[in-house]
Protein chains: 2
Amino acid sequence: MKPQILVVEDEDALATLLQYNLEKEGYTVAVARDGEDALMQAEEATPDLVLVDWMLPKVSGIEVCRRLRGRQETANVPIIMLTARGEETDRVRGLDTGADDYIVKPFSMTELFARIRAVLRRIRPGLAEDVIEAGDITMDRVAHRVRRADREIHLGPTEFRLLDYLMQHPGRVFSREQLLDAVWGSDVYVEARTVDVHVGRLRKALNNKEERDPIRTVRSAGYAFDVNA
Amino acid sequence: MKPQILVVEDEDALATLLQYNLEKEGYTVAVARDGEDALMQAEEATPDLVLVDWMLPKVSGIEVCRRLRGRQETANVPIIMLTARGEETDRVRGLDTGADDYIVKPFSMTELFARIRAVLRRIRPGLAEDVIEAGDITMDRVAHRVRRADREIHLGPTEFRLLDYLMQHPGRVFSREQLLDAVWGSDVYVEARTVDVHVGRLRKALNNKEERDPIRTVRSAGYAFDVNA
DNA sequence: CAGTCAGGCTACGGTTTTGTGACAGCACCC
DNA sequence: GGGTGCTGTCACAAAACCGTAGCCTGACTG
């Protein structure tokens, strides 16, 4: 699943530039124009990372940081701060902003990408990884390949995304609704039972006879991917 | 052309060990004993990758990072950080960025090699080799020739560049848009489906009957060149 | 033990995505 | 002016994939 980034930037040109480049780099991007907007959006769909400008109308970048940190669901979301040269490091550093990193404008996209990768990897290992392994199952997200015990597994796009998501959060149980949101997208409407069918297809593709089924059904709750041997 | 690595490490024993092993692995290695030295050396001969210890006399590893990033010529050079276990805490976290990857001491050479390969592959795929081989396909970028199993393959300019790009990043899946950007140029406007047509032509030229098709279609994602036999 | 319910499974019509042959527009070269 | 080699687009056919309904089984309830 593509990491989702919330960009909080009031300057149109920069916001657009960031969105364009980040999407090209493979992230899903949402843009908020001011602090209030940012907090609302973060509440609706928790992003994997927030990129916030230090200077913002209404609610300052710092304040956005604080509030995000203060809320249960967003407390652990990594934050990268954008600062202009004059707003300088010491002050930013000294304040306990709760930001995980900051970058000084003007910056190169390459540098920004590097930092994003670094932060994501540190906070949520696995999210930024190219390859996920669990037991004898390997998923290569760059090559778009899944293999189990040396044999290649062919999956359709949806099955691929589904497995990706489940492996991303091993052991955790997801309701059908959560899976629909995460894998299908929060905007499409499909029958909840459709998830069952895809889980079924996934299982058939994944499991040889005599192999342990890595997908656990939790009655009246949902499904989970189990790491275990 | 062997990739050139600049090792920045003040501890003699480790520096020597790294140099020895990296050279054995096929890299050209330069060693700097402190941050100043590193910046100087990086300026003289831009390395393909920098391996820098977090703890350094005079100029800290972080500072080396920042300065490298700040300079035009070295802004895009990938950096891998060496950190000791204790240093990996909050203070470091807030600052440590700008590096593309980090590795915690003590580490195994195998692990280090893997990360170096990964970073190099990501940042600078196929350091401009003159000849690329994959399976029974050979591409000579200087002579502009492609052959498969002893027979000469004739390709049009676009097909050539397309194959070139794909072979440059074996296994990796590219969307039609990415391929258009990379092969056609980010400024021209052509239909995304045009990629399909060229892939088709490329396949027809490349594959005899009974030969494995090296180009893999990934439904709703794009195409990839697979090395495999 | 009968009733109820959640989840497994299959079949199928419909939709989306990809493969491909045909064609017209160019540039270049006799 | 008539070839020749490439290219981008289109239209159509084939293939792959999707979502839903319906039936079935096995588990839980009282």
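Computed from heavy atoms alone, side chains included, the values below leave out hydrogens, waters and symmetry copies. First the proteins, then the strands, lettered A, B, ... as listed; each starts at 1.
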Protein N or O to nucleotides 13-16 of chain C N or O, pairs below 3.5 Å:
none

* **Exceeds 12 heavy-atom contacts within 6.0 angstrom, atom CG of B/Asp150** => no
Extract all donor-acceptor atom pairs below 3.5 Å that involve side chains of residues 191-198 of chain B and protein atoms in other chains or at least two apart in sequence.
unit_1: B/Glu191; atom_1: OE1; unit_2: B/Tyr189; atom_2: OH; d: 3.4
unit_1: B/Arg193; atom_1: NE; unit_2: B/Asp196; atom_2: OD2; d: 2.8
unit_1: B/Arg193; atom_1: NH2; unit_2: B/Asp196; atom_2: OD2; d: 3.2
unit_1: B/Thr194; atom_1: OG1; unit_2: B/Glu191; atom_2: O; d: 3.1
unit_1: B/Asp196; atom_1: OD1; unit_2: B/Arg176; atom_2: NH1; d: 2.2
unit_1: B/Asp196; atom_1: OD1; unit_2: B/Tyr223; atom_2: OH; d: 3.2
unit_1: B/Asp196; atom_1: OD2; unit_2: B/Arg176; atom_2: NH1; d: 3.1
unit_1: B/His198; atom_1: ND1; unit_2: B/Thr194; atom_2: O; d: 3.4

* List in numerical order all residues of residues 187-194 of chain A for which some heavy atom is under 4.0 Å away from an atom belonging to DNA chain C. => A/Arg193
* Structure fact -> By ring pair (Phe, Tyr, Trp, His ring centres under 6.0 Å), A/Phe174 pairs with (sequence neighbours left out) A/Tyr165, A/His169
* Under the side-chain hydrogen bond (donor to acceptor under 3.5 Å, both in side chains) test, residues paired with A/Thr217 that sit two or more places apart -> A/Arg203
* Difference in axis direction between the ends of the helix from C/dC1-D/dG30 to C/dC30-D/dG1, five pairs, 10° -> 20°
* Residues, nucleotides or ligands: over 12 heavy atoms within 6.0 Å of A/Asn208 CG -> yes
* Please state how far atom CZ in A/Arg216 lies from atom P in C/dG7, giving the value in whole angstrom units. => 14 Å
* Asked: With a 4.0 Å cut-off on heavy atoms, is A/Val199 in touch with a base, just the backbone sugar-phosphate, or nothing at all?
  -> nothing
* Where does the chain B footprint on DNA chain D start and end, counting 5' to 3' with a 4.0 Å heavy-atom cut-off? -> D/dC6 to D/dC17
* Asked: In chain order, what residues pass the salt bridge (Lys or Arg N to Asp or Glu O under 4.0 Å) check against B/Asp140, with sequence neighbours excluded?
  -> none
* Got a sec? Which of residues 153-163 of chain B come in under 4.0 Å of DNA chain C, heavy atoms? -> none
* Asked: What are the residues of residues 200-210 of chain A, sorted by number, that bring a heavy atom to within less than 4.0 Å of DNA chain D?
  -> A/Arg201
* To do: List in chain and number order the residues that pass salt bridge (Lys or Arg N to Asp or Glu O under 4.0 Å) with A/Asp187, two or more places apart in sequence or in another chain; answer none if no residue qualifies.
  => none
* **With sequence neighbours excluded, residues passing salt bridge (Lys or Arg N to Asp or Glu O under 4.0 Å) with A/Glu43** => A/Arg71
